[in-house]
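Keep in mind that this is a model prediction, so the values were computed, not measured. Below, chain A is the first sequence line, B the second, and so on; all start at residue 1.
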Amino acid sequence: MDYSIEDVENSSSSTSTQTEKTNQAPQRVEAGSVTKRLQTELMQLMMSPSPGVSAFPDDGNLLQWTGTISGPDGTFYESLTFKLSFSFPSNYPYSPPTVLFTTPMFHPNVDMAGRICLDILKDKWSAVYNVQSILLSLQSLLGEPNNKSPLNGQAAELWDKNPTEYKRLLMLRHREADE
Amino acid sequence: MPTPQPFVQDVSVASPELTSFNEAQRLAEMEKLSSDYTPEYTGPLVGDLKSSRELAHEYVGADPIYVTKTSAMYPAYTHYRKIRGDGNCAWRAIAFGYFELLLRSNSVDVVNRERARLRSLGNLLKAADIRDYLYEDFATDTDSVFQVISTSILEEDPNAASALLTQFNEASDSSVAYLKMLTSAWMKSRPGDYEAYLETSVLEYCSIFIEPFGVELDHVGVKAFIDCLVIPADFRVEISYLDRSPGSEMNIHHFESGENPYAPTLRLLYRPGHYDIIYKAEDLSELVPFLDKPQASLVQVSFMPHLPDQFFESTPLNFFLQPVNSVANTTTTSIRTNDDRDRFRASLFQYPPFQPSPLPFQTSIFRNSAYNPSHYQSENFQPELYQPELTDVSSRGGHGSRRRV
């Protein structure tokens with residue numbers, strides 16, 4: 001785009017600097033858009049925290065976060081806390097982060113490796129979702145599982161049929177995080 | 001079938017934990033495979049303008065219906081523009097076509113009007129309770145495309161078309177993300193217009209087909225996007241369907257407000273699962289000179305613009321390699337090579353050595369021929385040899401002088 005150079009003589013200095021700005025802006029945004037977005041999200045989480053959820057980047061890596069969810073009252077998960085890991089892809093927020101439960105979990109939509117089946121982390125992901133909305137969705141998933149397409153069939157079956165056994169197996173697996 | 005059923009039940013009863021565990025493992029593995037899969041995309045997000053005859057080449061040897069339809073495209077549609085097939089093609093094609101029509105309007109007023117309209121559409125996002133930090137970067141990048149267009153129009157930039165292409169390719173993902181949000185908010189603000197075409201609610205439809213990035217847009221989505229972005233700008237949209245339906249020409253679907261029959265038209269080519277932009281010759285009447293402008297790559301120098309084209313030779317490289325002084329002192333003859341076709345003169349005022357006409361007597365045929373050095377069509381044209389006719393001035397002077405000047 002050599003036209004900005006060619007036209008310098010003819011155009012006023014203000015328009016030519018405008019042209020330069022607009023030419024450079026997207027490249028700069030492109031390079032740092034992930035970190036800029038994550039920094040903004042972090043600030044939002046700190047400024048207006050939601051009760052029962054939190055998240056913070058791991059040491060020196062903005063693309064890797066650890067999140068915490070408290071089990072909602074009135075569910076099997078009441079008074080338990082769960083840790084999660086967030087890995088953000090380089091094209092975040094066009095693609096969702098990979099979210100795993102790092103605390104051992106017993107839930108119909110979470111498998112033994114901590115992998116989660118949640119539509120907004122897969123095909124329903126869109127750029128309007130963010131760390132906070134993921135945490136809140138997961139928190140509500142703890143109380144309202146989707147038992148129709150379970151990752152953990154046993155948990156899905158026990159959820160309605162045998163709450164006592166469900167709670168026993170949950171507590172058997174659960175390890176409270178050290179930190 | 002009474003026999004298989006107990007058998008299936010037997011297995012699940014025997015080891016429900018093992019089955020569900022294996023099933024979960026298998027599902028998780030399959031899910032990982034599918035989520036890690038990314039098809040290989042090639043080419044730019046929005047490609048350069050190409051002749052539509054290339055499309056016909058692509059389909060040589062394909063189904064005869066395709067061959068007939070693609071070869072019938074030219075000359076009705078002279079050009080096309082390839083859009084990368086990454087699931088966002090409909091978004092990119094319509095958005096780029098929209099921006100291109102804005103540039104072609106060549107009116108800063110129109111651009112500013114649209115820029116303001118899109119900004120105010122952003123209020124739909126506020127109304128939908130989406131936090132502004134989630135979309136303001138996308139909005140800024142989209143706005144930068146408007147900025148480039150209005151700057152190009154103001155400065156009458158001859159490279160405006162390529163400046164727009166560059167800018168759009170840089171800001172394309174952001175623009176698509178932003179336009180997705182706007183379209184979703186648009187649909188939710190007038191669900192009655194779309195609900196009848198959907199099997200689910202507008203809310204559910206948007207969350208599956210509009211909002212996620214890289215999801216193919218179906219017909220309802222295309223209509224909503226066009227309703228939101230293109231129609232209010234007083235543009236029309238034509239989608240030509242290149243498929244195996246019978247007929248020798250493509251079926252065309254029109255989207256228009258119907259208020260302005262002369263509205264500029266954005267033309268899309270739809271092949272099942274993919275959108276590209278196509279152009280008629282009249283669509284490009286003003287843009288083509290920009291695009292066809294030759295690149296200043298080959299050094300072609302001539303200081304004698306009145307010579308016929310075939311005498312334009314690129315300046316020999318060793319001419320530029322000579323020290324400046326020697327160039328200044330070089331006489332016309334020393335620059336001249338043995339090659340008789342080399343007509344280079346360092347200056348218009350460096351005449352070849354004076355050569356008196358070898359023939360003392362000139363017939364009028366010779367005088368008016370290209371062999372006469374005083375004739376302007378002569379290879380060795382030398383104006384100083386020009387001598388006005390002395391005889392027969394009264395009858396032929398007018399013609400003669402006009403011919404010779």
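At a 4.5 Å heavy-atom cutoff, the contact between Pro93(A) and chain B is made by side-chain atoms alone. Using a 4.5 Å cut-off between heavy atoms, Phe209(B) does not touch chain A at all. At a 4.5 Å heavy-atom cutoff, the contact between Gln44(A) and chain B is made by side-chain atoms alone. Heavy-atom distances place the side chain of Ser48(A), and not its backbone, under 4.5 Å from chain B. Only the side chain of Asp111(A) comes within contact range of chain B, with heavy atoms under 4.5 Å apart.
From Glu204(B), atom CD reaches atom NZ of Lys124(A) across 3.5 Å, with rounding to the nearest 0.5 Å. Between the CG atom in Asn130(A) and the OH atom in Tyr133(B) there is a gap of 4.0 Å [rounded to 0.5 Å]. Separating the OG atom in Ser207(B) from the CD1 atom in Ile120(A) is a distance of 10.5 Å, to the nearest 0.5 Å. Rounding to the nearest 0.5 Å gives a distance of 12.5 Å between CD1 of Ile208(B) and OG of Ser126(A). Tyr129(A) contributes atom OH, which lies 6.0 Å from atom CD of Glu211(B) (distance to the nearest 0.5 angstrom). Between atom CG of residue Leu134(B) and atom OG1 of residue Thr40(A) there is a gap of 9.0 Å, rounded to the nearest 0.5 Å.
Taking a cutoff of 4.0 Å between a charged side-chain nitrogen and a carboxylate oxygen, Arg37(A) and Asp137(B) do not qualify as a salt bridge. Taking a cutoff of 4.0 Å between a charged side-chain nitrogen and a carboxylate oxygen, Arg131(B) and Glu41(A) do not qualify as a salt bridge.
Judged purely by atom type and a 3.5 angstrom limit, Tyr94(A) uses its side chain to pair as donor or acceptor with the backbone of Ser174(B).
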